Enquirer: 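After the structure tokens below, expect a handful of questions from me.
If you're wondering where the values come from, they're calculated on a predicted model, not measured in any experiment. Just so it is clear, the values below take in all heavy atoms, side chains as well, and ignore hydrogens, waters and symmetry mates.
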Amino acid sequence: MSGTVFLDIVFTGLPTLPAAGTEVWAGGMASCPGGIANLAIASARLGLRTSLAAGFGDDVYADFCWRTLAGQERVDLSRSRQFAGWHSPVTVSMAVDRDRSMVTHAHHLPISADTLIGTPPPSRAVITSIGAGAAEPVLPDWVVQARANGSMIFADAGWDPTGAWDPTLFTTLDGCDAFMPNAVEAMSYTRTDSPREALHRLARHVPLAVVTCGGDGAMAVDAVTGEEASVPALPVDALDPTGAGDVFGAGLVLGTIAGWPLEHRLLFAGVSAALAVHEFGGSLAAPGWGDIGDWWRQVEEQAAAGHQGADELRRRYGFLDALVPRTHVCGVRRAAATIARQSDLTRPV
């Protein structure tokens with residue numbers, strides 16, 4: 001995957017966004033790599049061998065992000081580079097009432113992604129951005145090469161600050177295998193009035209169309225398998241929604257290349273995202289298999305004890321029983337209140 005790595009500074013527990021000339025105190029905060037790093041770390045924590053091509057500055061922010069990705073999370077950065085005098089991109093995310101607002105500062109990368117990556121390595125899947133959030137209106141050459149060599153191309157779309165929502169995006173979709181926008185993005189690009197209508201419009205252009213609907217769950221159409229599915233969101237007390245869509249995307253990629261039924265893919269991606277928003281930070285809130293296993297065992301225990309709603313969860317997510325590890329797996333370190341230092345993945349139990 002390729003994209004921009006930001007240093008994310010996340011504030012949670014805000015009663016309101018600050019008005020001009022005022023100061024608001026946050027109940028919590030975290031620092032972690034963000035942007036494409038959300039997808040990279042979420043994928044790596046689910047056991048996918050993950051390679052990231054990105055530009056890094058030569059400042060302390062960049063050193064922290066590089067060290068966290070390569071050393072702590074074992075993301076391959078062999079196609080990434082540090083650039084002297086290039087300022088690290090920074091985003092401040094402010095979580096208020098189950099949503100977030102962001103302020104970002106960034107500069108364009110000194111070279112193109114095609115120059116940075118060169119010939120892409122063999123891979124089962126590639127994740128890229130298209131639409132207004134992409135650097136170019138067409139798929140980069142490295143993505144086209146990857147697909148020609150057998151990679152599945154998963155695409156998402158960023159927010160369009162111009163409000164144009166250019167429909168030429170559909171031409172770009174012809175070179176993709178999956179598209180994963182949220183409901184607002186999907187309806188804006190398709191000029192439709194409902195997420196389901198937008199989904200079916202997108203399904204005309206891409207084999208796997210997925211629309212995420214936040215607290216209302218997700219829906220998808222897979223033309224390859226002939227499946228259509230819609231699943232509810234997992235009820236959760238959201239602390240910080242930063243990066244939830246990226247965690248969902250990582251879970252969907254895993255389930256798709258593993259050949260799971262479409263409903264299971266959506267449910268797995270949804271529970272991964274739900275566990276992420278229950279913690280501080282985007283990338284470092286992503287769950288690992290130990291976290292997913294702990295949640296599933298808790299559901300089983302609650303269902304056995306007769307807790308209301310737990311039996312329905314056990315039925316709906318029963319496929320996890322064959323997937324989660326049976327032995328103890330160390331949890332991953334979630335984003336800390338300062339620059340996070342080290343994961344506990346390699347610490348003895």
Side-chain angles (χ1 to χ4, degrees), residues 3 38-39 97-102 125-139 143 147 152-235 238 241-253 255-256 261-270 272-274 277:
N38 294 333
L39 263 171
D97 193 25
R98 300 174 65 87
D99 207 343
R100 83 279 187 268
S101 299
M102 296 182 288
V126 163
I127 304 174
T128 189
S129 291
I130 61 176
E136 299 291 341
V138 297
L139 290 175
V143 174
R147 194 182 197 209
M152 291 188 68
I153 309 302
F154 290 79
D156 64 10
W159 181 259
D160 185 355
T162 70
W165 303 103
D166 189 348
T168 57
L169 167 131
F170 298 131
T171 302
T172 309
L173 281 180
D174 291 341
C176 300
D177 298 284
F179 186 43
M180 312 176 290
N182 63 37
V184 174
E185 294 161 351
M187 291 187 291
S188 297
Y189 276 118
T190 59
R191 273 65 171 174
T192 53
D193 298 322
S194 73
R196 186 166 299 280
E197 187 181 358
L199 172 69
H200 285 277
R201 187 73 59 85
L202 292 172
R204 302 174 189 173
H205 300 276
V206 66
L208 174 60
V210 181
V211 175
T212 58
C213 305
D216 293 324
M219 57 186 71
V221 173
D222 190 333
V224 176
T225 63
E227 298 170 279
E228 180 173 350
S230 178
V231 304
L234 184 69
T242 306
D246 295 316
V247 175
F248 183 97
L252 184 76
V253 170
T256 300
L262 183 59
E263 183 180 18
H264 292 181
R265 285 179 260 169
L266 296 181
L267 288 169
F268 179 81
S272 298
V277 302

Enquirer: Where do Ala229 and Leu266 come nearest, in terms of heavy atoms and distance?
Expert: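 Residues Ala229 and Leu266, closest heavy atoms: O-CD1, 3.8 Å.
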Enquirer: Under 4.5 Å between any side-chain heavy atoms of His200 and Met219, yes or no?
Expert: no
Enquirer: So do the side chains of Val224 and Leu208 get within less than 4.5 Å of each other, counting heavy atoms only?
Expert: no
Enquirer: Of all heavy-atom pairs between Leu262 and Ala220, which one has the smallest distance, and what is that distance?
Expert: CD2-O, 3.6 Å
Enquirer: Under a 4.5 Å cut-off applied to non-hydrogen side-chain atoms, are Trp165 and Thr190 in contact?
Expert: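 No. Closest side-chain heavy atoms not under 4.5 Å.
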Enquirer: State, to 0.1 Å, how close Gly215 and Ala233 come at their nearest heavy-atom pair, and which atoms those are.
Expert: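 The pair with the smallest heavy-atom distance is O-CB, 3.4 Å.
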Enquirer: Give the minimum heavy-atom separation between Asn182 and Glu185, together with the two atoms involved.
Expert: OD1-N, 2.8 Å
Enquirer: I'd like to know whether Val126 forms a side chain to side chain contact (heavy atoms under 4.5 Å, CB included) with Arg147, so could you lay out the CA-CA distance, the side-chain angles of the two residues, the decisive distance to 0.1 Å, and finally the verdict.
Expert: CA-CA 8 Å; Val126 163; Arg147 194 182 197 209; over 6 Å; no
Enquirer: How about Asp156 and Ser129: does a side-chain donor come under 3.5 Å of a side-chain acceptor?
Expert: yes
Enquirer: Is the shortest heavy-atom distance from the side chain of Val231 to the side chain of Arg265 under 4.5 Å?
Expert: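 No, their side chains stay 4.5 Å or more apart.
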Enquirer: Looking at Arg196 and Glu228, is there a salt bridge between them, counting it only when a charged N and a carboxylate O are closer than 4.0 Å?
Expert: yes
Enquirer: Check Phe248 against Ala269 and note the closest heavy-atom contact, atom names and distance.
Expert: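 Looking at all heavy atoms of both residues, the closest pair is O-CB, 3.2 Å.
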Enquirer: Verify side chain to side chain contact (heavy atoms under 4.5 Å, CB included) between Val143 and Ile153, making sure each step is shown before the conclusion.
Expert: CA-CA 8 Å; Val143 174; Ile153 309 302; 3.7 Å; yes
Enquirer: Please tell me if the side chains of Phe154 and Thr128 come closer than 4.5 Å, counting only heavy atoms from C-beta onward.
Expert: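 No - every pair of side-chain heavy atoms lies 4.5 Å or more apart.
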Enquirer: Do Asp160 and Asp166 have side chains that get closer than 4.5 Å, going by heavy atoms?
Expert: no
Enquirer: Taking the side chain as every heavy atom from C-beta outward, state whether Cys176 and Leu139 have any pair of such atoms under 4.5 Å apart.
Expert: yes
Enquirer: For Ala164, is there any backbone N or O sitting under 3.5 Å from a side-chain donor or acceptor partner on Thr162?
Expert: yes
Enquirer: Quick one: pull up CG in Leu252 and CE in Met180 and give me the separation to the nearest 0.5 Å.
Expert: 6.0 Å
Enquirer: Does any part of the side chain of Leu199, heavy atoms only, come nearer than 4.5 Å to the side chain of Val221, both counted from C-beta?
Expert: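 Yes - at least one pair of side-chain heavy atoms lies under 4.5 Å apart.
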Enquirer: Which atoms form the tightest heavy-atom contact between Leu39 and Ala250, and what is the distance?
Expert: CD2-N, 3.9 Å
Enquirer: Can you list the steps and then say if Leu169 with Leu173 is a side chain to side chain contact (heavy atoms under 4.5 Å, CB included)?
Expert: CA-CA 6 Å; Leu169 167 131; Leu173 281 180; 3.9 Å; yes
Enquirer: I'd like to know whether Val210 forms a side chain to side chain contact (heavy atoms under 4.5 Å, CB included) with Leu202, so could you lay out the CA-CA distance, the side-chain angles of the two residues, the decisive distance to 0.1 Å, and finally the verdict.
Expert: CA-CA 9 Å; Val210 181; Leu202 292 172; over 6 Å; no
Enquirer: Quick one: pull up CE in Met187 and CG in Asp193 and give me the separation to the nearest 0.5 Å.
Expert: 8.0 Å
Enquirer: With no hydrogens and no angle check, do the side chains of Thr192 and Arg201 hold a donor and an acceptor under 3.5 Å apart?
Expert: no
